[in-house]
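Report on one structure; see the data block that follows.
Lettering follows sequence order; numbering is per chain, from 1.
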Amino acid sequence: MQIPTCAPADLSELESRAQAIAGFSLGELADMAGIAIPRDFKRHKGWTGQLIETWLGATAGSKPQQDFPELGVELKTLPINQFGQPLETTYVCYAPLLLPPLITWQTSNVKNKLQCVLWVPVEGERQIPVAERRIATPFLWQPNEAQNALLQQDWEELTEMIALGKVESVTARHGDVMQLRPKAASGQVLTDALDAEGNKIKTRPRGFYLRKQFTSLILQTHFQQ
DNA sequence: ACGTGATCATAT
DNA sequence: ATATGATCACGT
């Protein structure tokens with residue numbers, strides 16, 4: 001098995017590549033790719049995601065769009081426990097705090113990113129050495145009507161808060177399936193936002209995250225069928 | 001025990 | 001500074 005040298009030409013090629021790495025350990029995949037394996041993720045938090053990107057042929061780099069733009073697919077690795085339940089929330093995208101005036105759910109980055117996701121569940125329990133953690137079964141997901149409605153509802157609630165200049169009163173407790181949380185290198189990083197009077201303020205950058213309960217439902221729904 | 005808020009590495 | 005890849009770790 002070899003690292004692909006180009007992006008997958010179509011959806012079936014992406015799916016084949018994903019199925020091909022299922023069952024392998026992170027150590028095996030890293031060795032075959034000539035990538036060093038960290039002892040833990042304290043200083044290597046995105047390591048698994050980048051390893052899987054390499055194996056699937058995603059273009060490296062940080063673009064505000066999908067990982068496979070020509071296929072309209074976003075890649076997400078998801079750390080799971082021995083029962084197949086998510087261990088972490090899932091980052092979706094940066095949250096604009098100075099809202100484009102005509103933004104709607106339909107035109108939002110969240111909707112765009114979540115239209116089609118290739119989920120790659122990976123064993124993530126800290127007791128398992130990084131090299132021994134295995135890739136579970138990857139699968140493509142598109143939100144069904146109910147899931148889409150939940151996401152839209154949360155996006156609209158959170159976006160309205162931002163639009164009303166109430167970013168700083170939003171906590172991670174808002175949102176049923178998706179939350180807004182700080183997303184930065186440290187608590188000292190500040191970006192522009194608006195207060196309730198429309199004045200520019202400085203606040204911590206935020207990102208949208210999917211709650212574990214929601215990604216757990218996605219896994220359950222997929223694997224029960 | 002768990003989720004929230006904080007944090008780490010890297011590219012542009 | 002923005003944005004990607006996320007997990008860490010403390011307070012509740």
Got a sec? Which of residues 150-186 of chain A come in under 4.0 Å of DNA chain B, heavy atoms? A/Thr171, A/Ala172, A/Arg173, A/Gln179, A/Arg181, A/Pro182, A/Lys183, A/Ala184, A/Ala185, A/Ser186
Who pairs with A/Gln85 by side chain to side chain donor-acceptor pair (under 3.5 Å), at least two apart in sequence or on another chain? A/Asn81
Apply side chain to side chain donor-acceptor pair (under 3.5 Å) to A/Trp47 and list each qualifying residue two or more places apart in sequence or on a separate chain. none
Whole-Å distance between B/dG3 P and A/Leu87 CG? 10 Å
Which pairs count as salt bridge (Lys or Arg N to Asp or Glu O under 4.0 Å) when at least one residue sits in residues 118-129 of chain A, sequence neighbours excluded? A/Glu123-A/Arg134
Stretch residues 14-35 of chain A: residues that reach within less than 4.0 Å of DNA chain B through a heavy atom: none
Nonpolar side-chain network containing A/Leu98, other nodes, edges under 4.5 Å: A/Leu194
What residues in residues 71-83 of chain A put a non-hydrogen atom under 4.0 Å from any atom of DNA chain C? A/Glu74, A/Lys76, A/Thr77, A/Pro79
Considering just the side-chain nitrogens and oxygens of A/Lys45, establish if one lies under 4.0 Å of OP1 or OP2 belonging to B/dT7. no
Restricting to side chain to side chain donor-acceptor pair (under 3.5 Å), what partner residues turn up for A/Glu13, sequence neighbours left out? A/Arg17
Donor-acceptor pairs under 3.5 Å, side chain of residues 111-118 of chain A to any protein atom, not counting sequence neighbours: which ones?
none

In whole angstroms, the gap separating C1' of C/dT4 from CG of A/Asn109 amounts to 11 Å
Rounded to whole Å, the CD-C1' distance (A/Gln65 to B/dA11) equals 16 Å
Counting heavy atoms not belonging to A/Gln19, are there more than 12 under 6.0 Å from its CD? yes
Using ring pair (Phe, Tyr, Trp, His ring centres under 6.0 Å) as the criterion, list what pairs up with A/Tyr94, not counting sequence neighbours. none
Does any part of the side chain of A/Val110, heavy atoms only, come nearer than 4.5 Å to the side chain of A/Leu151, both counted from C-beta? no
Within the sub-3.5 Å range, which N or O atoms of nucleotides 9-12 of chain C have a protein N or O partner, and how far apart are they?
none

Ignoring hydrogens and angles, are the base of C/dA6 and the side chain of A/Tyr209 linked by a donor-acceptor pair under 3.5 Å? yes
Between C/dT4 (P) and A/Phe68 (CZ): distance, integer Å: 16 Å
Is A/Tyr91 near enough to C/dT4 that one of its side-chain N or O atoms lies under 4.0 angstrom from OP1 or OP2? yes
Residues at least two apart in sequence or cross-chain that pass side chain to side chain donor-acceptor pair (under 3.5 Å) with A/Lys202, listed by chain then number, are A/Asp192
